[in-house]
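Structure first, commentary second.
Proteins come first, then strands; the chains are lettered A, B, ... in the order of their sequence lines, and each starts at number 1. Values in this document were obtained by computation on a predicted structure and should not be read as measured data. Atoms considered below: every heavy atom in the structure, side chains included; atoms not considered: hydrogens, waters and symmetry mates.
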2 protein chains.
Amino acid sequence: MNDGDMGAGPSARSKRADARRNQETLLDAAASVFVTSGVEAPVRDIAARAGVGVGTIYRHFPTRADLIIAVYRHQVEACAEAGPALLASSATPHAALSQWINLFVDFLVTKHGLAGVLRSDNTSFDTLHSYFIDRLLPVCAQLLDAAADAGEIRSGPKAYELMRGVGNLCIGAEHDPGYDARRLVELLIAGLRQPH
Amino acid sequence: MNDGDMGAGPSARSKRADARRNQETLLDAAASVFVTSGVEAPVRDIAARAGVGVGTIYRHFPTRADLIIAVYRHQVEACAEAGPALLASSATPHAALSQWINLFVDFLVTKHGLAGVLRSDNTSFDTLHSYFIDRLLPVCAQLLDAAADAGEIRSGPKAYELMRGVGNLCIGAEHDPGYDARRLVELLIAGLRQPH
DNA sequence: TAAGCAAACGGAACCAGGCTCCGGTAAATG
DNA sequence: CATTTACCGGAGCCTGGTTCCGTTTGCTTA
């Protein structure tokens, strides 16, 4: 993918040491700033926290979306991999779907502002949106199809629509004690059930 | 409420003619810019469209929220008044609730970006949020209570949570052909039904 | 070890958009 | 017509994103 390591043999040239170090530092700084100030924290704040100039951020992460993706990649991967596992271990496909959606919701609501930025109409977040869709939509579709095949759900929204709906319900869920995204998502999933 | 008299008796002085004219012009300009560029259009654009300076906007509408409220006030009022009417004319309270929610959704999705701005964490939109809540929440609560009394719905979210959820589902619904907010809202309302 | 070079760095500078402030304009009034 | 003052316009400030380029620094090679 890049010319760096990627196991292309022992002779592969590395990036300069300071570059790699900075990339690491930036990821840590961004993660910690995201926790305290949300994913929409000013770029300058992240640069300051990392002790680098803003130019360095843009060199490593051309758009803010790239930075966010890099910070959360592990967790998105984990969520994606949990899908098939849940399907294998759950009593019914609908139960698996429900549990998986819970994982997804937990991820979104604990990342201050992430759900909101996912739905921003700012075009610079398109790649973030695409990343989530590319990685998670197939998983969701698999669970949904399994539940449909089992006759547990009515013909309703396709996976894309469901995921967007769930994502939307998570927006602004962090700091409003009167709003519980999980409860509403449960309601939505309940509405999906076949009225036996 | 309309011409700035503050109800201090019939002798109350009117505003200057140019001020009243500008206020009217601004409302028209804002409405038309909102249609084409969304409710988050730059203030300067609205000023230009109205042929006034930005100072004039801020004098008449101290925050953008005030402007948005003024532009949509009639429609919000109509929506609020439709609640009791629907309750009186519908077969069941749940049907009335469902229809009323549909009105609300129609309103939100046809106002480019309005749902998104309702959920913005930008504090300057708090008054917009408050306005919607103050005006519409009691209506929603009345419908919800009626449906609960009739035993049609399970004990679920309170009116506030329901309205926020519905509002969230409407975010970004305008320009995504693969996403139909109405369908998801219907699912949500269906999930509210008492099982069997 | 030192020289040469490209990679990488930092932050000044530029742009966009929100909001304020104040000198100027003109509506109301006598 | 003169006076008052509400009201107007837009220059200008602020915040935050993004770019650009002179400087620094790690790596390579002699």
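In this structure, B:Arg21 atom CZ and D:dG9 atom P are separated by 10 Å, rounded to whole Å. Spacing between atom CD1 of B:Ile57 and atom C1' of C:dC21 amounts to 17 Å, rounded to whole angstrom units. Whole-Å rounding puts the B:Ile46 CD1 to C:dC19 P distance at 11 Å. Rounded to an integer number of Å, the gap from CD of A:Gln23 to P of C:dA7 is 17 Å. The separation between A:Lys15 atom NZ and C:dA6 atom P is 19 Å, rounded to whole Å. Nucleotide D:dG17 holds its P atom 9 Å from the CZ atom of A:Phe125, rounded to whole Å.
Here the side chain of A:Asp18 is nearest to one of C:dG18, C:dA8, D:dC7, namely C:dA8.
Looking only at side-chain heavy atoms (C-beta outward), B:Leu114 and B:Tyr72 come within less than 4.5 Å of each other. No side-chain heavy atom of B:Arg193 sits less than 4.5 Å from a side-chain heavy atom of B:Ile153.
The stretch residues 58-71 of chain A touches DNA chain C through A:Arg59, A:His60, each having a heavy atom within less than 4.0 Å of the strand.
Within the 4.0 angstrom heavy-atom criterion, base atoms lie near A:Val54.
Cation-pi contact between A:Arg73 and A:Tyr131: present, with separation from the ring centre below 6.0 Å and deviation from the ring axis of at most 45°.
In this structure a side-chain-to-backbone donor-acceptor pair under 3.5 Å is missing from B:Glu174 to B:His112.
Judged by atom type and distance alone, B:Arg44 does not reach the base of D:dG9 through any side-chain donor-acceptor pair under 3.5 Å. The base of D:dA6 sits within donor-acceptor range of the side chain of B:Arg16, with an N or O pair under 3.5 Å.
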Determine whether A:Arg64 and A:Ser124 satisfy the following criterion, side-chain hydrogen bond (donor to acceptor under 3.5 Å, both in side chains), listing intermediate values before the conclusion. CA-CA 8 Å; A:Arg64 175 194 292 272; A:Ser124 79; over 6 Å; no
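For the pair A:Thr56 and C:dA8, the criterion of a side-chain N or O lying under 4.0 Å from OP1 or OP2 is not met. Phosphate contact (OP1/OP2 of C:dA8, side-chain N/O of A:Asn22, threshold under 4.0 Å): absent.
Checked options B:Ile171, B:Leu184, B:Asp176; the residue passing with A:Arg164 is B:Asp176 (criterion: side-chain contact (heavy atoms from CB on, under 4.5 Å)).
To the nearest 0.5 Å, atoms CZ (A:Arg20) and NZ (A:Lys15) are separated by 8.5 Å.
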